[in-house]
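Since the structure is predicted, the reported quantities are computational estimates derived from the model, not experimental observations. Side chains are part of it too, since the values below use all heavy atoms of this structure and drop only hydrogens, waters and symmetry mates.
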Amino acid sequence: MAEESSSSSSSSSPTAATSQQQQLKNKSILISSVASVHHANGLAKSSTTTSSFANSKPGSAKKLVIKNFKDKPKLPENYTDETWQKLKEAVEAIQNSTSIKYNLEELYQAVENLCSYKISANLYKQLRQICEDHIKAQIHQFREYPFKNQKYSLISVLFLKKIDRCWQNHCRQMIMIRSIFLFLDRTYVLQNSMLPSIWDMGLELFRAHIISDQKVQNKTIDGILLLIERERNGEAIDRSLLRSLLSMLSDLQIYQDSFEQRFLEETNRLYAAEGQKLMQEREVPEYLHHVNKRLEEEADRLITYLDQTTQKSLIATVEKQLLGEHLTAILQKGLNNLLDENRIQDLSLLYQLFSRVRGGVQVLLQQWIEYIKAFGSTIVINPEKDKTMVQELLDFKDKVDHIIDICFLKNEKFINAMKEAFETFINKRPNKPAELIAKYVDSKLRAGNKEATDEELEKMLDKIMIIFRFIYGKDVFEAFYKKDLAKRLLVGKSASVDAEKSMLSKLKHECGAAFTSKLEGMFKDMELSKDIMIQFKQYMQNQNVPGNIELTVNILTMGYWPTYVPMEVHLPPEMVKLQEIFKTFYLGKHSGRKLQWQSTLGHCVLKAEFKEGKKELQVSLFQTLVLLMFNEGEEFSLEEIKQATGIEDGELRRTLQSLACGKARVLAKNPKGKDIEDGDKFICNDDFKHKLFRIKINQIQMKETVEEQASTTERVFQDRQYQIDAAIVRIMKMRKTLSHNLLVSEVYNQLKFPVKPADLKKRIESLIDRDYMERDKENPNQYNYIA
C-alpha cells in the first residue's frame with residue numbers, strides 16, 4: 001500500500017483543539033484531510049496539520065505524526081481593544097448588579113485568548129483599575145453617613161448593616177469577576193509571586209479604600225463594640241451581623257490591630273468595674289455563679305462571632321478581673337461559711353474557678369489549711385467538749401474527706417495539707433486526745449454497745465486509726481487503752497474477741513510489734529488461764545475436796561497488765577482454803593513463781609433467798625463479803641462491816657451504796673438516803689423483788705479522778721524518761737563523742753513522742769550524774785561516753 005499524506009487546517013482556539021484531541025482518540029479513524037476555518041470571538045486562524053500513516057504490511061499498526069505550526073497566527077486588528085471593552089462591560093454589569101450581555105464561557109475564552117498573546121500584564125492592570133474605581137466610589141456613602149456617636153441610637157446599627165451589605169456585595173462581585181478572569185489568575189498571577197491573586201487584590205482594595213479610612217473604621221469598630229456591650233448588658237442583638245463584620249475584619253487582616261486591642265481594653269474596663277461592685281454587693285456563692293455565667297457567655301461569643309485568636313486573651317481578662325483580683329477577698333468573705341454549711345456544689349464551683357487562675361489553687365490551699373486548724377482547735381482545746389471530742393473529730397474528718405473527694409477532685413496537695421493541719425491542731429493539747437481516743441474505743445468495744453454491726457464497728461475502728469496516726473503521744477493512748485482492755489477482759493465485757501484482735505492488729509501495723517507486745521500478752525494470759533482452769537477442775541475432782549464453791553482464777557503476768565494496788569481483805573475460811581489449794585496446784589506445775597491475789601478484780605455469783613423466792617446475785621468480791629455477813633446476823637453498822645471485811649473506807653461506802661441505794665436494793669439502810677454516812681445501819685431486805693432470776697448488781701464506779709488520770713499520765717512520763725535515757729546512751733555509745741546540739745537532734749529523730757528541750761537537758765544531767773557520760777573538760781558543750 002502506497003504511503004499517503006494529506007493536510008488539514010484547524011484553528012488555534014480551545015474549541016478546535018478539543019475537537020482535534022477527541023478525533024485523535026478515536027481509534028477507528030484511518031485518515032482525514034479537511035480544510036476548515038473556525039471563527040471564535042471574531043478571530044479567524046488557519047493551521048495545517050500533517051498526519052501520515054505508513055503501513056508496511058496489511059493489518060499492521062498505523063503511526064500518527066503531529067507537527068508544529070510553521071508560523072504563529074496573528075491577531076486581527078482592534079481585537080485587544082474590542083475584547084477588553086466586552087470584558088469591561090461585563091465587570092461593570094457585575095458591579096452594578098445588572099445582566100451581562102455576553103456568555104460567561106465566551107468571556108472566559110476571550111481572557112484565555114488575550115493571555116495567550118502576552119497581554120496578561122495589561123489585562124491585570126486594567127482589571128485592578130476598574131475594581132479600584134468602583135470601590136473608591138463606595139467610600140462617600142460612609143463618610144457622609146449621619147453617625148454622631150449617639151451611643152444607643154439605631155443609627156449605629158444601620159451603619160453597620162450598610163457596611164456589611166457593602167462587604168457582602170464586594171465579595172459576591174469578586175467571586176464572579178474571578179470566575180471570568182480565572183485563566184489570568186491561574187497563569188499570569190500565579191507565575192508572578194509579587195502580584196496578589198484577583199481575590200486578594202479585591203481584599204486589598206477594600207481594605208485600602210474603605211476600612212482603612214479612619215472615620216469609617218472608627219465608626220465600624222465603635223458600632224461593633226457597642227453591640228457587644230449591649231449584649232453583655234442583657235439586650236438581644238443581631239449576632240449574625242456581628243459574625244459577618246468580624247469575619248470581614250479577619251479576612252482583611254485588620255482584626256487584631258483595629259478591633260481586638262480595643263475590644264480587650266473595653267472588656268478589661270467593664271469587668272474590673274463589675275468585679276469591684278459585685279464583690280461588695282453579693283454573697284460569695286452568688287458572686288461565683290455570676291463569674292461562671294460570665295465565662296460561659298464569653299465562651300459562647302467566641303464560638304458564635306469572635307475570632308478564635310481572641311480566646312486566650314479574652315478569657316484571661318475575664319478571669320483576672322472577676323477572679324484574680326479578688327482571690328483573697330472571696331475566700332475571706334465566704335470560704336468558712338461554705339465549709340461550715342457543707343455547700344458541696346458551691347465549693348466545687350469555687351475550686352473549678354480558682355483552678356483557672358494562676359496561683360488560685362495555692363491561695364485556696366492556704367485558706368483550707370487555716371480553716372481546718374481553726375475548726376479542729378475549737379474541738380480539741382475546749383475541755384467542755386471532751387465528752388464529744390472524738391466523735392466530733394471523726395465527723396469532721398469524714399466531712400473534709402468528702403469535700404476533697406467531690407469538690408477538690410482528690411487533689412493530692414489538699415489531702416496532704418489536711419493531714420498536716422490535723423496533726424497540728426490535734427497535738428495543741430498534749431496527751432488528752434490520746435486518752436479520749438482510747439476511752440472512745442473502749443466504749444465501742446464493750447459488750448453493752450449495740451449501736452453497730454460487726455462491719456460498722458470495723459469501719460469505725462479504721463476511722464479511729466486515721467485519727468490515731470495524727471497523735472504524737474501514742475504511749476499515752478497505749479497506757480489508757482491497756483487499762484480499759486484489762487477491764488473488758490477480766491470482767492468479760494468485751495463485745496467481740498474478733499473486734500478486739502482486729503484493733504490489736506491495726507495498732508501493730510501502725511506502731512510495730514513492740515507497741516502491742518504487752519496487749520497481746522494480756523490476750524495470751526486469758527487463753528492460758530482457761531487451759532489452767534480445765535486442769536484445776538480435774539485436779540479438784542481427783543482430790544475430792546469438799547465444798548460447794550466453784551473457783552475460777554485468771555493468771556495475769558505482772559509485766560503485761562496495768563499496775564493494781566493490792567488490797568488486803570478478810571475472806572471467809574472457805575475462800576481462803578480454795579486459794580491455798582489453787583496455790584499448791586499452780587506452784588506444783590510452775591515452781592519459782594509468786595502469786596499475788598488481786599481482790600479488787602474478783603467477782604462472785606451468790607445464791608440468795610427472799611420472800612419472793614430464790615435469786616442469783618452477780619456481784620463483786622467486796623459486795624460478796626458484805627452480803628455474806630448477813631448470814632451471821634440481821635443488822636450491822638458501817639463500822640462493824642468495815643472491821644469484819646477489812647475493805648478500805650471509800651471502797652466500802654461505794655459497795656454499800658450499790659447494795660442499799662442502787663436500783664437492786666438487797667439491803668435496807670437506816671436512815672434512808674442516797675449517801676453512806678457514819679453510823680448508818682444496814683439490814684437484809686427480805687421484801688426484795690425483781691423480775692429476773694439472775695440479777696447483776698453493778699458496783700458504783702468511782703469516776704476516774706484527776707489523781708488517777710494524773711497517775712496514769714505520770715506512769716507514761718516515767719516510761720518516757722527511761723526511753724529518753726536509753727536513746728541518749730545508745731547514741732553516745734555509738735558516737736563516743738558528740739556536741740550538745742547534735743545529740744539533741746539525734747535523740748529527737750529516735751523518739752516517737754514530743755519532748756521539751758528542758759526535759760531533755762534534765763535527762764542528760766541525770767546520766768552525767770550516774771556516770772554514763774561526762775562533759776568534755778575543754779569544751780562544755782561536748783559530751784564523752786564513759787565505757
Mutual orientation of the aromatic rings belonging to W597 and F582 [parallel < 30°, tilted 30-60°, perpendicular > 60°]:
perpendicular
Could [X] and [Y] be called an ion pair, given the rule that one side-chain N must be under 4.0 Å from one carboxylate O?
X    : Y    : value
E527 : K530 : no
D401 : K463 : no
D484 : R488 : no
D462 : K506 : yes
K537 : E550 : yes
E478 : K518 : no

Keeping T516 on the side-chain end and L519 on the backbone end, is there a donor-acceptor pair under 3.5 Å?
no
Is there a donor-acceptor contact under 3.5 Å from the side chain of S529 to the main chain of D525?
yes
Go through the steps for N416 and E420 under the test side-chain hydrogen bond (donor to acceptor under 3.5 Å, both in side chains), then give the verdict.
CA-CA 6 Å; N416 295 333; E420 288 174 17; over 6 Å; no
Which is it for I372 and F396 under the side chain to side chain contact (heavy atoms under 4.5 Å, CB included) test, yes or no, and what are the steps along the way?
CA-CA 9 Å; I372 293 175; F396 183 48; 4.0 Å; yes
Heavy-atom pair with the smallest gap, counting every atom of [X] and [Y]:
X    : Y    : value
E640 : S637 : OE1-N, 2.8 Å
K428 : I381 : CD-CD1, 4.0 Å
F470 : N427 : O-ND2, 2.8 Å
M575 : L628 : CE-CD1, 4.4 Å
I647 : L652 : CG2-N, 3.7 Å
K385 : I379 : CB-O, 3.8 Å

State, yes or no, whether a side-chain contact exists between [X] and [Y] at a heavy-atom distance under 4.5 Å.
X    : Y    : result
L445 : L457 : yes
K397 : M418 : yes
L485 : L489 : yes
L767 : Y783 : no
I641 : L625 : no
R593 : I555 : no
K508 : L504 : no
Y586 : V553 : no

Exceeds 12 heavy-atom contacts within 6.0 angstrom, atom [atom1] of [X]:
X    : atom1 : value
Q643 : CD    : no
K459 : NZ    : no
K482 : NZ    : yes
M734 : CE    : yes

Measure the spacing between CG of L627 and SG of C604 and express it to the nearest 0.5 Å.
10.0 Å
Got a second to check how far L528's CG is from L556's CG, nearest 0.5 Å?
11.0 Å
If you apply the rule side chain to side chain contact (heavy atoms under 4.5 Å, CB included), what do you find for I464 with L394, and how did you get there?
CA-CA 7 Å; I464 280 287; L394 290 172; 4.0 Å; yes
Pair V441, V390 - check side chain to side chain contact (heavy atoms under 4.5 Å, CB included), show working.
CA-CA 10 Å; V441 174; V390 179; over 6 Å; no
Evaluate T557 against K524 for side chain to side chain contact (heavy atoms under 4.5 Å, CB included), listing each step before the verdict.
CA-CA 10 Å; T557 307; K524 284 176 186 173; over 6 Å; no
Under 6.0 Å between the ring centres of F477 and F480?
no
Think K399 forms a cation-pi with F375, using NZ or CZ under 6.0 Å from the six-ring centre and within 45 degrees of its axis?
yes
